[in-house]
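No experiment lies behind these values; they were computed from the predicted model shown.
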Amino acid sequence: MNKSNHTVTEFLLLGFPDVTGFRAIILFTAILLVYIVTLMINSVVMVLVSIKPQLHSPMYFFLQQLSFSEFVFLTIVIPNMLHVIWLEGATISVRSCIIQAYLYCALGCTECHLLTVMAYDRYLAICRPLHYHTIMDTRLQKILVIYCWVFGFLLTQITLNFLCQLYFCGPYVINHFFCDLAPFVELTCSHKTDLKIMILIVAVPLMVIPFILVIISYLCVFITILGISSAKGRKKTFSTCSSHLTVVTMYYGTLNTIYMVPANGNTLTLNKLLSFLYIAITPLFNPIIYCLRNQEMRAVMEKLFHVINNRCNAILKTKLVI
């Protein structure tokens, strides 16, 4: 392969080139608010699961890990995204772009495996209730969580090794708000075939197999629920897994749509919006769904808001007296 004398050392992230001026300020403010609220909600979930005894169960332990992964996931993408929007386009070094692409993929894969572990937890709770606490003990919970984090980052390391060997000689413009893997790889002057094959191979254990395991778990869950004689019993049993099922549907639905929509031409803006939905909106709604649908979490949140409200009223009364 002939390489030009010019080696690209940084890329230009365009962000949303059609959104400029006052509209860019509105978009920046809206995304910043979403970012802050999402971090706060996920932080509250992590703290509550740690300090409240009634939330010391496998399901909430895995939810805490999911909230933490989403906290880190957001922080990798959103601050730089805000920087790009504010400047209406910003440069990023090749090394930083590779690191962001790697962490984005690694954390996304970790979330896939965490959702799979949570599906397995619901399978045990509904299909094998008598053995649930014996099987899903503290030791197994820790092993599963460690597996999710280590496996996601280690296997994605293969992709990182390939990315570090890529050569870039131009063009250097990425029409996106972050270093997504697909548009980033398209800019390389190196041969892409081996890299694309490797990405497809790595995607099987990282994303495809977890998705299949989730489907199998819920098929077993639905068969068990349908076998319950009373409608009230079926409804009560289904309510224990409806939160996770909703989260899984949102997560995989958005993720699959992103990579099914071709990122070119008129669909490029749609692809960016779907990416933002996956990166920012999904982590915002995940803890909200669990808080609204799970009785234990809802009770803890109501108690927390009640305490905060009482303290605010007490402070207000003190100031009025003064």
**Request:** Applying side-chain contact (heavy atoms from CB on, under 4.5 Å), run through Y102 and T159 and close with a yes or a no.
**Result:** CA-CA 7 Å; Y102 165 69; T159 306; 5.9 Å; no
**Request:** Spell out, yes or no, whether L63 and V37 are grouped together once hydrophobic residues are joined by side-chain heavy atoms under 4.5 Å, including indirect joins.
**Result:** yes
**Side-chain heavy-atom pair I78, M81 within 4.5 angstrom cut-off** = yes
**Asked** Would a 4.5 Å heavy-atom cut-off, applied to side chains only, mark T110 and Q65 as touching?
**Response** no
**Message:** With side-chain contact (heavy atoms from CB on, under 4.5 Å) as the criterion, how do N286 and N42 come out once you've worked through the C-alpha distance, each side chain's angles and the decisive distance to 0.1 Å?
**Reply:** CA-CA 9 Å; N286 285 353; N42 280 282; 5.9 Å; no
**Separation of SG atoms, C220 and C127, below 2.5 Å** = no
**Asked** Around Y132, counting heavy atoms of other residues, nucleotides and ligands shown, do more than 12 lie under 6.0 Å from its OH?
**Response** yes
**Message:** On a heavy-atom basis, which atom in V221 and which in R122 lie closest, and how many Å separate them?
**Reply:** CG2-O, 4.2 Å
**Message:** Can you tell me how far apart CD1 (I92) and CG (L12) are? Round to the nearest 0.5 Å.
**Reply:** 11.0 Å
**Asked** In terms of hydrophobic clustering (I, L, V, M, F, W, Y; side-chain heavy atoms under 4.5 Å; direct or indirect links), are L114 and V208 co-clustered?
**Response** no
**Message:** Has D121 got a side-chain atom pairing as donor or acceptor with P58's backbone, closer than 3.5 angstrom?
**Reply:** no
**Prompt:** Taking atom CD1 of I279 and atom CZ of F178, what is their separation to the nearest 0.5 Å?
**Reply:** 4.0 Å
**Message:** Within the supplied structure, the quantity of interest is the number of heavy atoms (other residues, nucleotides, ligands) at a distance under 6.0 Å from W86 CH2; does it exceed 12?
**Reply:** no
**Complete:** All heavy atoms of V45 vs all of P287, minimum pair found to be CG2-CB, 3.7 Å
**Item:** Closest non-hydrogen atom pair, I126 against T224
**Value:** O-CG2, 3.6 Å
**Asked** Given the rule that I, L, V, M, F, W and Y join up when any side-chain heavy atoms are under 4.5 Å apart, are V150 and F62 in one cluster?
**Response** no
**Message:** Can a donor-acceptor pair be found, under 3.5 Å and without considering hydrogens, that links the side chain of S69 to the backbone of L66?
**Reply:** yes
**Prompt:** How about Y172: does its OH atom have over 12 heavy atoms from other parts shown lying under 6.0 Å from it?
**Reply:** no
**Asked** T38 versus F71: any side-chain heavy-atom pair under 4.5 Å?
**Response** no
**Prompt:** Between A280 and L74, which heavy-atom pair has the shortest distance, and what is it?
**Reply:** CA-CD2, 3.7 Å
**Prompt:** Does the pair I174 and C97 meet the rule for a side-chain contact (heavy atoms from CB on, under 4.5 Å), with working shown?
**Reply:** CA-CA 10 Å; I174 299 177; C97 201; 4.0 Å; yes
**Message:** Measuring centre to centre across the rings, with the benzene-like ring taken for any Trp, is Y278 within less than 6.0 Å of F73?
**Reply:** yes
**Asked** So, do V117 and V145 sit near enough that their side-chain heavy atoms are less than 4.5 Å apart?
**Response** no
**Request:** Compare all side-chain heavy atoms of Y104 with those of D180 and state whether any distance is below 4.5 angstrom.
**Result:** yes
**Request:** Say whether I143 and Y120 are linked into one hydrophobic cluster, either directly or through other cluster members, by side-chain heavy-atom distances under 4.5 angstrom.
**Result:** no
**Message:** Treating H176 as the side-chain partner and L14 as the backbone partner, does any N or O pair qualify as donor plus acceptor under 3.5 Å?
**Reply:** no
**Request:** Report whether I26 and L82 are members of the same hydrophobic cluster (ILVMFWY, side-chain heavy atoms less than 4.5 Å apart, transitive linking).
**Result:** no
**Request:** Identify whether NZ of Lys or CZ of Arg in K272 sits under 6.0 Å from the centre of the six-membered ring of F177 and within 45° of that ring's axis.
**Result:** no
**Fill in**
Shortest non-hydrogen pair, A119 vs S217, comes out as O-CB, 3.9 Å
**Message:** Between I281 and F285, is there a side-chain heavy-atom distance shorter than 4.5 Å?
**Reply:** yes
**Output field: ring centroids Y123/Y218 closer than 6.0 Å** = no
**Asked** Side chains of T75 and L39: does their closest heavy-atom pair fall under 4.5 Å?
**Response** yes
**Asked** How long is the gap from SG on C148 to CG on L115, to the nearest 0.5 Å?
**Response** 9.0 Å
**Asked** What's the spacing between F68 CZ and Q64 CD if we round to 0.5 Å?
**Response** 9.5 Å
**Message:** For C112 and Y252: C-alpha separation, side-chain torsions, deciding distance, then whether side-chain contact (heavy atoms from CB on, under 4.5 Å) applies.
**Reply:** CA-CA 9 Å; C112 283; Y252 279 105; 3.7 Å; yes
**Prompt:** Side chains of K52 and Y60: does their closest heavy-atom pair fall under 4.5 Å?
**Reply:** no
**Asked** CG of L124 to NE2 of H133: how many Å apart, nearest 0.5 Å?
**Response** 11.0 Å
**Message:** Please check this pair: side chain of T188 against backbone of Y167, looking for a donor-acceptor N/O pair closer than 3.5 Å.
**Reply:** yes
**Item:** Greater than 12 external heavy atoms within 6.0 Å of M40's CE
**Value:** no
**Asked** At what distance, to the nearest 0.5 angstrom, does CG of L155 lie from CG of L206?
**Response** 4.0 Å
**Asked** Do you know the tightest heavy-atom contact between L245 and T249?
**Response** O-OG1, 2.7 Å
**Item:** Check: T9 main-chain N/O paired with S93 side-chain donor or acceptor under 3.5 Å
**Value:** no
